> 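Right, I'll just put the structure down here and ask away after.
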Amino acid sequence: MQELVNLKKVNLLDFDRKGLAAFFVGLGEKPFRATQLMKWIYQEDVYDFDEMSNLSKSLRAYLNENCEIATPEIVVEQIATDGTIKWAMQTHCGNRIESVFIPEDDRNTLCISSQIGCALACSFCSTAQQGFNRNLTTSEIVGQLFVAQNRVGKDRRITNVVLMGMGEPLLNFDNVVAAVNLMMDDFAYGLSKRRVTISSSGVVPAIERLGKACDVSLAISLHAVRDELRDELVPINKKYPLKELMEACRENAKIAPRRFITFEYVMLDGVNDTMEDAKGLIKLLKTVPCKLNLIPFNPFPNSPYRCSNKETLLKFKTMLNDAGIITTVRKTRGDDIDAACGQLVGQVADKSRRHLKLQNVA
Ligand code: SAH
């Protein structure tokens, strides 16, 4: 597989099956060329158009001239003591994004990025400090999965993908949807839809659109049960407050039977971890089919927060479980290599100048 993207050529990994069929129809070809090509790429590991023997000679010549199959490139690999692997991957524009491989007994999860940096300014997340450069293309998103799978080898099949790396996936809607379609397509990577999760800070109109566009699992970064506090922690709340967010979640959960939303709640000492907060959570979450995932806060340089103590965390978990809300505590993985939630930073040429703005505020 070619590593660096040539801007002049069309990258065929930028299309999901529907997009690829439309591309071929645009060339005067039959739509089934899409599945033929996908079988070569995804099932046969063939990336050389000349080897794709069921395509006509003239089509192969056209593809050679105008198209490519390209992914980001691993430039740094770090392995944590618990086996977690973090990669910095270089994009064609010279920025670096991060992806994290998390091996467990019953699954191998890959956490991938959807944007270079992040335009949101969640106060407890270090990616926010990096500012924002641009959306990742579909090939850069799905490419993280192919590159990671190649790197870890066939005997460590990646079984789950979470879009919980750098960026807000629902602010890069079309490319993210095409990428997850490829991940779940039997002609491509073939993951089950329950094993692909998009995590969002709560972009309400996109949550509604997502339900109609594709059937992936949804996780929502809740982190507070009062608008006043959530405005501070997850500032997009000012635009889409809790009431609207919960309504969108209820609608999303209706898409399929037995569907539920995972709510994420970062535990910040003295900020959002009182028993009042727990009671508020119970009241709020009773209205949606859901599970709750408590995330111990992972520190980063100059962060103003501390993680709640163990006792508080356990008390919170017990209270919620006792109220009938299935609640788990996320295991912190890879924190010795800064690979844990909210610690991914890559290397971002900030175009939003957010970094400067944050410094001015401080
Ligand atoms: N933009 C997406 C993906 C973010 S990362 C979103 O907001 O959901 C995945 C989860 O890690 C989110 O719930 C995010 O709020 C949380 N997170 C961010 N920084 C963190 C930190 N320092 N410690 C623990 N969790 C953090």
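These numbers come from the heavy atoms of this one structure, side chains and all, not from hydrogens, waters or symmetry mates. Small disclaimer: the values here were computed from a predicted structure and weren't measured. When a ligand or atom number is given, it counts from 1 through the structure's own listing order.
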> So which protein heavy atom does atom 5 (S) of ligand 1 come closest to, and at what separation?
M164 O, 3.1 Å

> So R226 and E276, salt bridge (Lys or Arg N to Asp or Glu O under 4.0 Å) or not? Walk me through it.
CA-CA 11 Å; R226 291 178 290 116; E276 276 310 299; over 6 Å; no

> I'd like to know whether the aromatic ring centres of F32 and F24 sit less than 6.0 Å apart in this structure.
no

> Out of T127, N298, I220, whose heavy atom is nearest to atom 23 (N) of ligand 1?
N298

> Is any side-chain N of the basic residue among K243 and D227 closer than 4.0 Å to the acidic one's carboxylate O?
no

> Among protein heavy atoms, which lies nearest atom 21 (C) of ligand 1, and at what distance?
C341 O, 3.3 Å

> Look at atom 12 (C) of ligand 1 and say which protein heavy atom is nearest, naming residue and atom and giving the distance to 0.1 Å.
S221 OG, 3.2 Å

> OG1/T91 to CE/M89 distance, rounded to the nearest 0.5 angstrom?
11.5 Å

> Do me a favour and list the nearest non-hydrogen protein atom to atom 1 (N) of ligand 1 with residue, atom name and distance?
G167 O, 2.9 Å

> What protein heavy atom is closest to atom 17 (N) of ligand 1, reported as residue, atom name and distance in Å?
F124 CE1, 3.7 Å

> Could you list the atoms of ligand 1 found under 4.0 angstrom from a heavy atom of C125?
18 (C), 19 (N)

> Nearest to atom 2 (C) of ligand 1, what protein heavy atom do you find, and at what distance?
S199 O, 3.3 Å

> Under the side-chain hydrogen bond (donor to acceptor under 3.5 Å, both in side chains) test, which residues partner T262, sequence neighbours left out?
none

> Between E264 and ligand 1, which residue portion shows a heavy-atom distance shorter than 4.0 Å: side chain, backbone, both, or neither?
side chain

> How many angstroms lie between CG in L313 and OG1 in T327, if you round to the nearest 0.5 Å?
11.0 Å

> Which one holds for H223 and ligand 1: side chain close, backbone close, both close, or neither close, with close meaning a heavy atom under 4.0 Å?
side chain

> Heavy-atom distance to atom 16 (C) of ligand 1: which of V266, I295, T197 wins?
I295

> For ligand 1, which atoms have a heavy atom of F297 less than 4.0 angstrom away?
21 (C), 22 (N), 23 (N), 24 (C)

> For ligand 1, which atoms, with element, lie under 4.0 Å from some heavy atom of S201?
6 (C), 7 (O), 8 (O)

> Give the C-alpha distance, both sets of side-chain angles, the deciding distance and a yes or no for salt bridge (Lys or Arg N to Asp or Glu O under 4.0 Å) between D336 and K86.
CA-CA 11 Å; D336 54 332; K86 180 169 84 167; over 6 Å; no

> Distance to 0.1 Å, residue and atom name: give those for the protein heavy atom nearest to atom 19 (N) of ligand 1.
G342 CA, 3.0 Å

> Please, which pairs that meet ring-ring contact (aromatic ring centres under 6.0 Å, His included) have at least one residue in residues 187-236, sequence neighbours excluded?
F124-H223

> Assess whether atom CG of D105 is packed by more than 12 heavy atoms of other residues, nucleotides or ligands within 6.0 Å.
no

> With side chains defined as the heavy atoms from C-beta onward, is the minimum distance between L285 and M246 less than 4.5 Å?
yes

> For ligand 1, which part of P296 has a heavy atom less than 4.0 Å away: the side chain, the backbone, both, or neither?
backbone

> Is S200 in contact with ligand 1, taking contact as a heavy-atom separation below 4.0 Å?
yes

